[in-house]
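Data block below; observations after.
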Amino acid sequence: MRKLFFAISISLGIYANAQEEVKKDSVKTDTIKYWSVLGKNTLMINQAAFSNWVGGGANNIGWLAGVNYNITYEKDKDLWENIIILNYGQNKTQGIGTRKTQDVINISTNYGRQFSKSWYLSGGASLLTQFAAGYEDGNNPEAKKISNFMAPGYLNLGLGITYRPNDNLTVTLRPANARLTLVLDPDLQLAGSYGLKQDGDSSLLQFGFLGTALYKVKLMQDIYLTNTASVFSNYLDHPDRLVLAYGALLNMKVNKFISTNITLDLLYDHNQIQKTQLKQTLGVGFAYTLDNGVKRSERKDSQWWINKK
C-alpha cells in the first residue's frame, strides 16, 4: 500500500510540474502579439504680441495639429505596414487675416512576403492630398484658388520589392506602379492643370516606376532625424520628367510631453509647376505618444518619437 501511495505521489508531482510548464508556455504564447501601434499626436502653438514697439510688428497667433501613426502586422514572413499622417495648421495676423500654414493628408499601406533576408515581395497603395483649399498670394482667400481637397489627389497602386533590414531603413521599388491624379474641384479642371489633357477632365492616369525610401537616424540624445524620399517616372509620357520629393523631420524632445519639430519639404513635379517647391516649418508644443508596448519581432522599437529605456 505504501508503495502504491508513493507511486501515486510521484505521478501527481510529475503531472503538476508538467501542468505548470504548460501553463508557463501558454502564458508566453499568449503574450506574443503581432500588431504594433505607435503614434504621435502633436499640438504646436506660436504667438507674438506688440504694443508701442518702435521696431514694428503685427500681433499674430498660430497653431498646428498633427497625428503620425504607424500600425504594423508582422508574423513569420508576413509584413503589413500602415502609415497615417494628418497635419493642419493656421496663422492669424492682425491686419492680414487667417492663412493656412500646413495641410497634409498622407495615408499608405504596404504588404510584403519575405523571400530572402530583409527582402520582401510587396504590393501597396497610397493617397496624398489636403484638407482645404489653397490660394496664390500666401493662401489669401481673395486670391486665385490653386488647390483643394482631392484637387489634386494622388493615388498610387503598385507591385515590387521592399528592402527592410531594420525599422530604421525601408526602401521600396515598384517597377509596375499606376499613379492616378484626381482633380475633383470643377474650378480647377482646366487643360494643363496638374497634367489634365483638356478642360473638364477630372483625372489623369500614369503608369511607371515608383521608388520610395525612409531612413531614421539618432543624432544625439533625444534628437532624431527622419528622412523620406520618392521618385516617379511615367513610362507612357516623358519618362525623363521625374517627380521628385524629399522630406526631413528633425525632432528634438524636451521632455515626455514637450518637443520641437523642424520640417523641410522639397518637391519637383512638372505637371504642377516647372520650379522646385520648398516648404519649411518650425514648431514647439505638446506631444502625446501612443504605444501599445509591442516590439516588432525581436527588433528594438525604432520609431523616432519613442525613446525606450
How long is the straight-line distance from [atom2] of [Y] back to [atom1] of [X], given to the nearest 0.5 Å?
X      : Y      : atom1 : atom2 : value
Gln102 : Met44  : CD    : CE    : 11.0 Å
Leu290 : Leu38  : CG    : CG    : 8.0 Å
Lys216 : Asp167 : NZ    : CG    : 6.5 Å
Asp103 : Thr129 : CG    : OG1   : 8.0 Å
Ile258 : Phe286 : CD1   : CZ    : 5.5 Å

Quick check: does any side chain N or O of [X] sit under 3.5 Å from a backbone N or O of [Y], one acting as donor and the other as acceptor?
X      : Y      : result
Asn41  : Val67  : no
Ser126 : Ser108 : no
Lys197 : Leu204 : no
Asp269 : Asn271 : yes
Ser233 : Pro239 : yes

- Per side chain to side chain contact (heavy atoms under 4.5 Å, CB included), Asn46 is matched among Leu64, Thr101, Asn60, Leu282 by Asn60

- Task: Determine whether the side chains of Arg174 and Asn110 contain a donor N or O and an acceptor N or O closer than 3.5 Å.
- Result: yes

- Indicate whether the side chain of Ser230 and that of Thr212 have a donor and an acceptor atom separated by less than 3.5 Å. no

- Could you pull out the closest heavy-atom pair between Tyr268 and Gln274, with the gap in Å? CE1-C, 3.8 Å

May I have the list of side-chain donor-acceptor pairs in residues 179-188 shorter than 3.5 Å, sequence neighbours left out?
unit_1	atom_1	unit_2	atom_2	d
Arg179	NH1	Gln206	OE1	3.1
Asp185	OD1	Asp187	N	2.9
Asp185	OD2	Lys145	NZ	2.8
Asp185	OD2	Asn148	ND2	2.9
Asp187	OD2	Lys145	NZ	3.1

- Identify whether Phe207 and Leu242 are in the same connected component of the hydrophobic contact network (ILVMFWY, side-chain heavy atoms under 4.5 Å). yes

